[in-house]
Amino acid sequence: MVLVDAITDRQTGFGGAEESSGPARRSDFAAPAPKGASANTETPLIRVLLVLVALGFLTLFIVIPLVAVFVQAFSKGWAAYFSALTDPDAISAIRLTIIVAACSVAVNLFFGIIAAWTITKYRFPGKTLLVTLIDLPFSISPVVSGLVFVLLFGLQGFFGHWLQAHDIKILFAFPAILLATIFVTFPFVARELIPLMQEQGTSEEEAALSLGASGFTTFLRVTLPNIKWGLLYGVLLCNARAMGEFGAVSVVSGHIRGETNTMPLHIEILYNEYQLTAAFAVASLLALLALVTLVLKAVLERKLERKR
Amino acid sequence: MKIDVRNLSKRFGSFVALKNVNLDIASGELLALLGPSGSGKTTLLRIIAGLDWADTGDVLFAGESAARLDVRKRHVGFVFQHYALFRHMTVFENVAFGLRVKPRRERKPEHEIVKRVKKLLEFVHIEGFADRYPDQLSGGQRQRVALARALAIEPNVLLLDEPFGALDAKVRKSLRRWLRDLHGELNVTSVLVTHDQEEALEVADRVVVMGNGKIEQVGSPEEIYNEPANSFVFDFIGESVKLPVRIENGGIWIGSRRLATNDELPSTGPARLFVRPHDLTFGEVSEAPLQGSVRSVRRIGALSFADVRLDCGGGDDFLVEASLPPETSVSPGDLVGLTPRRYRIYEDGAAESLTSASL
């Protein structure tokens with residue numbers, strides 16, 4: 001038996017003030033964890049030792065190799081460096097890499113936005129599966145990604161005969177290189193946008209629609225400005241990976257000099273032919289790209305942090 | 001604009017949000033949809049706006065079906081609980097948005113847009129903040145901007161989804177009055193969703209009480225409060241005390257004491273007595289139908305309440321909160337009598353009241 005029934009229900013306006021909303025609220029989320037709150041009980045000696053280990057590791061595995069690339073590239077002087085870069089095969093590889101990267105970034109931008117939009121703004125069955133599938137290129141070996149396209153478009157593949165009959169070249173040509181690159185770099189844009197758009201919800205879009213804006217106007221004037229830094233960040237990482245991709249492209253390119261060699265493949269060929277200076281000269285470009293990406297990434301991260 | 005809601009039903013998966021809801025909203029009135037969370041009030045509002053779709057049923061705008069009109073074409077001003085201001089636009093651009101996205105033929109020239117936005121900002125008293133961004137404003141200011149933005153398109157109907165829910169009590173109160181005045185000036189048909197009964201009863205011309213996807217009662221704030229249609233409304237609106245009673249021998253019995261005689265009561269058996277705390281008067285222990293001991297006395301602002309432990313017979317104790325008249329003073333431990341002046345009796349499990357009385 002219930003002894004005391006709290007019979008008087010207080011339903012007056014006291015409830016409902018769950019959230020006080022001032023300008024300060026937003027920043028609460030971004031507030032960093034209290035610094036140094038974790039017990040700093042180690043002795044100074046151990047602290048210095050740990051820092052040294054970390055720095056030493058970083059130097060050994062990242063700084064030294066990076067410096068080595070540039071030292072090797074310039075080991076025979078500027079003239080050798082530039083002649084390696086202006087070699088017709090090198091120029092062709094650079095051009096192909098830029099075109100492939102530009103195309104795959106554009107495609108991934110488009111489909112990445114659509115995927116992120118679909119996942120965050122709609123409810124539909126199979127959504128979890130879709131999110132998992134978007135991650136697939138991250139978890140699968142690039143060689144396997146390349147082999148998939150060989151299976152599909154190779155002579156023994158599903159579409160091989162049909163393609164040959166219609167004289168369409170995909171494998172060992174530009175289309176396969178592009179497809180493999182798109183596949184490998186697909187997650188970058190979508191992965192960056194999904195959490196961002198999830199956090200922002202749909203009410204701003206709903207407000208825009210209720211004010212009479214079309215779907216496209218709403219996207220352009222409300223959604224896009226809200227996601228632009230995240231989008232740029234995704235594009236940056238996508239581009240870096242597209243230019244540097246080796247495994248998948250190596251399987252489908254056919255290594256035809258001056259035609260289907262991207263920069264990473266060109267470097268490998270030069271290296272295998274013992275043209276070390278030339279190999280490192282081209283490699284220095286990729287290393288430079290990495291450094292520029294790193295700086296831009298830091299800038300964008302700061303912008304994103306402020307936005308949140 | 002007059003809005004009719006006809007036989008609306010909506011489910012989300014296995015959850016039934018609306019069950020065959022019918023409602024007529026008169027042109028120019030301020031209507032409040034009031035109910036606990038999950039009662040379907042926000043769903044109903046979003047369906048009227050065109051932001052959600054009903055499974056069956058229709059919404060008529062001035063007699064014409066809006067079923068095929070999406071939110072863009074309905075011309076509704078929607079004010080969101082969390083404002084939904086465009087965070088990368090200034091206050092001015094937020095308010096101007098609805099005017100700028102019109103198709104070129106209908107769009108006003110820039111100087112007229114500027115004029116209109118300035119006028120709206122003055123109207124909602126935020127003219128000094130035109131160049132600020134939403135995150136530089138307080139909650140109350142943001143909600144004013146949201147309202148100005150919704151009004152910019154001269155909507156047929158203004159729909160407000162818990163507009164003051166995220167504000168603190170003081171700001172909420174002042175905005176509430178302000179909204180009331182504003183509605184008096186504009187006379188635009190307005191529907192306000194709220195779970196705060198004080199807000200609904202104070203602001204609205206008519207109140208719709210919703211529970212579990214159904215409309216429980218529609219009426220003026222006075223009707224809702226004084227003549228609750230059923231036990232749900234009685235329980236939800238205002239403070240209420242519920243006590244078990246028995247109906248026997250032509251009378252209503254609380255334990256061994258008789259509350260009232262009534263020969264017209266149709267049935268015999270257990271029932272529930274609903275009474276407002278302020279309708280419980282303190283009286284002589286020997287004469288009052290209810291008796292108990294005071295456990296504690298509390299003051300909340302100008303009001304005093306006493307928690308009284310009632311002995312209703314059968315070994316059950318009930319703790320009720322009764323409001324103390326200003327001149328009465330009791331202290332913990334006192335034995336007191338309580339008489340319900342106005343009450344309603346509901347049969348157990350039934351919604352309609354068996355009888356009501358004013359002594």
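Letters A, B, ... are given to chains in the order of the sequence lines, protein chains preceding strands, and every chain is numbered from 1.
Within a 6.0 Å sphere centred on NZ of A:Lys127, other residues, nucleotides and ligands contribute more than 12 heavy atoms. The number of heavy-atom neighbours closer than 6.0 Å to CZ of A:Phe138, taken from other residues, nucleotides and ligands shown, is above 12. Counting heavy atoms of neighbouring residues, nucleotides and ligands inside a 6.0 Å radius, atom CZ of B:Phe12 exceeds 12 of them. When the shell of 6.0 Å around NZ of B:Lys102 is examined, it contains more than 12 heavy atoms from other residues, nucleotides or ligands. The environment of A:Tyr122 atom OH is sparse: at most 12 non-hydrogen atoms of other residues, nucleotides or ligands sit within 6.0 angstrom. Crowding of B:Arg107 atom CZ: a count of heavy atoms from other residues, nucleotides or ligands under 6.0 Å exceeding 12.
Using a 4.5 Å cut-off between heavy atoms, B:Phe86 contacts chain A through both its backbone and its side chain. Heavy-atom distances place no part of B:Leu159 under 4.5 Å from chain A, backbone and side chain included. Neither the backbone nor the side chain of B:Arg74 comes within contact range of chain A; no heavy atom of the residue lies under 4.5 Å from a heavy atom of that chain. Contact annotation for A:Arg221: both backbone and side-chain heavy atoms come within less than 4.5 Å of a heavy atom of chain B. When heavy atoms are compared at a cutoff of 4.5 Å, B:Tyr133 does not approach chain A at all.
The interface of residues 203-216 of chain A with chain B, defined by heavy-atom distances below 4.5 Å, comprises A:Ser203, A:Glu204, A:Glu206, A:Ala207, A:Ala208, A:Leu209, A:Ser210, A:Leu211, A:Gly212, A:Ala213, A:Ser214.
In terms of heavy-atom pairs under 4.5 angstrom with chain A, the leader among B:Glu162, B:Arg46, B:His75, B:Gln141 is B:Arg46.
A pairwise comparison of heavy atoms in A:Val222 and B:His88 identifies O-CE1, 3.7 Å as the closest pair.
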